[in-house]
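To start, the structure itself, in structure tokens.
Hydrogens, waters and symmetry mates play no part in the numbers below; they use all other heavy atoms, side chains included. Here is the naming used below: chain letters follow the sequence lines, and residue numbers restart at 1 for every chain.
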Number of protein chains: 2
Amino acid sequence: MTTEYTGTGDPAKSLELLWGTKNPPSRGPRPALTVERIVAAAIEVAGAEGWQALSMRRVADALGVGTMTLYRYVPGKGELLDLMMDAAFGELDRRPHEGTWRERLDRVARANWELCHRHPWLLNISMSRPVLGPNVLAKYDHELGAVDGLGLSEMDMDAILTLVLSFAAGAARVSVEQSQAPQRTGMTDEQWWNAHAPILERLYKADEYPLAQRVGTVVGEAMQAAYDAGHAFEFGLARVLDGIEVYIEDAAG
Amino acid sequence: MTTEYTGTGDPAKSLELLWGTKNPPSRGPRPALTVERIVAAAIEVAGAEGWQALSMRRVADALGVGTMTLYRYVPGKGELLDLMMDAAFGELDRRPHEGTWRERLDRVARANWELCHRHPWLLNISMSRPVLGPNVLAKYDHELGAVDGLGLSEMDMDAILTLVLSFAAGAARVSVEQSQAPQRTGMTDEQWWNAHAPILERLYKADEYPLAQRVGTVVGEAMQAAYDAGHAFEFGLARVLDGIEVYIEDAAG
DNA sequence: GGCAATCGAGTACAGCGTACCCAGTTAAAG
DNA sequence: CTTTAACTGGGTACGCTGTACTCGATTGCC
């Protein structure tokens with residue numbers, strides 16, 4: 001269950017904040033806060049208490065200031081989320097690429113997968129169009145380097161990168177939700193299966209969903225063995241890279 | 001920007017609702033509503049007025065009943081969302097598969113892509129573990145049929161299907177967000193580019209992000225030509241299926 | 001010293017999901 | 001037929017959200 005953006009914020013203001021295009025005030029009192037501190041506090045709250053606890057009041061409390069004080073620095077919550085995303089992207093390794101394109105893309109995928117696990121709230125944000133902050137741009141630039149020099153068109157480079165990133169995010173989403181499910185629903189995996197057992201049994205006896213039964217049983221057991229999400233990522237990544245390989249070799253040949 | 005679910009609902013109750021395991025009351029007045037009508041109204045509201053307008057009060061208004069009346073039929077909003085998802089999945093074509101596995105998976109991907117466009121709110125829901133409703137189960141069963149009979153293990157079948165579905169959802173997410181961006185941000189594409197132009201120009205002159213500039217320019221122009229999202233889906237789907245093909249042929253050979 | 005700008009923050013409002021309560025309705029039990 | 005238990009409809013209220021508005025306090029420039 002999700003809500004959308006307020007949309008109140010002027011993108012020009014977000015950009016000003018992201019790029020620090022704002023000369024310090026000459027008159028009034030010295031600002032006691034900085035945008036950076038607010039963003040850091042917000043990330044802290046989101047990490048420690050979860051996405052649903054991330055409210056303007058909670059961030060203000062964490063900083064020991066009044067709620068409305070935040071609005072002196074940030075136009076609104078939507079913009080704060082944009083800034084958080086840009087800050088998180090700054091954590092990514094941006095050293096020059098090494099190895100083959102496949103090794104590069106593999107590392108890009110794993111880096112994003114890992115980042116989504118470190119900051120699960122990213123998965124709730126990046127659904128919106130990213131505001132072009134410095135780290136967003138640098139990330140894009142760096143990751144494009146993984147598929148540069150292969151003779152691909154710009155469109156192809158972007159499409160391939162988009163595919164890999166979208167896959168990594170999708171797989172991470174599944175993984176994160178799965179690991180959060182127990183505390184979100186307040187029931188363990190076992191309780192969950194017990195809750196579903198009576199109905200599943202009835203249906204399986206009726207043999208209405210034979211394939212789902214066969215596969216679901218095996219997968220269900222594997223899920224309980226904590227096998228699942230990482231496996232899905234590894235498997236999918238290999239397939240995606242294979243598919244890209246076919247394309248690149250065809251284009252070269 | 002998103003919020004999470006309340007988690008108040010007992011999954012056992014959701015299942016009762018989904019499978020109609022509830023004998024009609026013997027005493028009291030006849031219920032004026034049905035769960036189906038509530039779900040239909042909720043889908044209607046979500047489709048007509050958007051995800052952010054989907055509130056319990058709004059759904060109740062649409063049905064001409066008091067807000068709290070809904071809670072006689074549905075434990076909470078989270079469960080209502082589960083029911084909506086199951087209902088939407090019921091719209092999918094479930095006729096027997098035809099053609100090669102590749103044609104089948106292609107159709108599965110397109111069907112999901114299309115469904116996500118018809119009911120964009122699905123992308124905001126399915127993040128949570130799906131409650132196993134009849135249509136959820138039937139969808140799983142049917143889609144597994146696309147990769148049945150190829151000698152794949154159950155784990156592989158599930159992994160391949162998961163990959164295709166996760167890709168389709170990811171691509172649809174991008175596409176939907178892009179088409180919704182103008183009304184969400186209240187600015188046209190042109191306004192958006194104009195807002196970003198000064199900063200982008202400054203950065204590009206500094207040549208700090210050479211690749212991003214080169215690729216971004218081309219992609220940006222293509223985006224304005226409304227080329228983009230559908231293209232990314234077609235491109236990615238072909239690559240994903242190619243990758244799966246490599247795997248299937250290796251497994252067979 | 002006066003003015004203009006800026007900061008911090010309390011108050012208030014509209015909206016949300018929903019717990020709680022009570023009046024009205026119906027069928028079963030006596 | 002009366003009583004009773006079960007059930008429905010829904011109003012009120014609580015705690016939460018983001019944030020518009022407004023105020024006094026503070027600071028630097030003229």
Shorter than 3.5 Å, N or O on both sides, protein versus nucleotides 14-17 of chain D: list them out with atom names.
from   : atom 1 : to      : atom 2 : distance (Å)
D:dT17 : OP1    : A:Ser55 : OG     : 3.1

Which residue, A:Arg27 or B:Arg27, contacts DNA chain C at a nucleotide closer to its 5' end, judged by nearest heavy atom?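 First, find each residue's nearest nucleotide; the 5'-ward one identifies A:Arg27.
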
Would you kindly give the [atom1]-to-[atom2] distance between [X] and [N], to the nearest whole Å?
| X | N | atom1 | atom2 | value |
| --- | --- | --- | --- | --- |
| A:Leu70 | D:dC21 | CG | P | 18 Å |
| A:Ile38 | C:dC7 | CD1 | P | 11 Å |
| A:Tyr71 | D:dC23 | OH | C1' | 19 Å |

List, with names and distances, any nitrogen or oxygen atoms from the protein found under 3.5 Å away from nitrogen or oxygen atoms belonging to nucleotides 8-10 of chain D.
from   : atom 1 : to      : atom 2 : distance (Å)
D:dG9  : OP1    : B:Ala32 : N      : 2.7
D:dG9  : OP1    : B:Tyr73 : OH     : 3.1
D:dG9  : OP2    : B:Tyr73 : OH     : 2.7
D:dG9  : N7     : B:Arg72 : NE     : 3.0
D:dG9  : N7     : B:Arg72 : NH2    : 3.4
D:dG9  : O6     : B:Arg72 : NH2    : 2.6
D:dG10 : OP2    : B:Gly66 : N      : 3.0
D:dG10 : OP2    : B:Thr69 : OG1    : 3.1
D:dG10 : O6     : B:Arg72 : NH2    : 3.1

Checking side-chain contact (heavy atoms from CB on, under 4.5 Å) for the pair B:His119/B:Glu91: CA distance, chi angles, key distance, verdict? CA-CA 11 Å; B:His119 299 305; B:Glu91 296 176 11; 2.9 Å; yes

Using a 3.5 Å distance criterion without hydrogens, assess whether the side chain of A:Arg94 forms a donor-acceptor pair with backbone atoms of A:His142. no

A:Tyr71 side-chain N/O to A:Gly76 backbone N/O, donor-acceptor pair under 3.5 Å: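 Not a single qualifying donor-acceptor pair exists.
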
Using only heavy-atom distances, determine whether the side chains of A:Tyr140 and A:Asn135 contain a donor-acceptor pair under 3.5 Å.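 Absent: no donor and acceptor within the cut-off.
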
If you measure only the distance, is there a donor-acceptor pair under 3.5 Å linking the side chains of B:Asn112 and B:Glu143?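 Yes, because at least one side-chain N or O of B:Asn112 sits under 3.5 Å from a partner of the opposite role on B:Glu143.
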
Any carboxylate oxygen within less than 4.0 angstrom of a Lys/Arg side-chain nitrogen, looking at A:Glu114 and A:Arg118? yes

Taking only residues two or more places apart in sequence or in another chain, which ones pass salt bridge (charged side-chain N to carboxylate O under 4.0 Å, His left out) with B:Glu44?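 None.
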
Sub-6.0 Å ring centroid separation between A:Phe233 and A:Phe167: yes

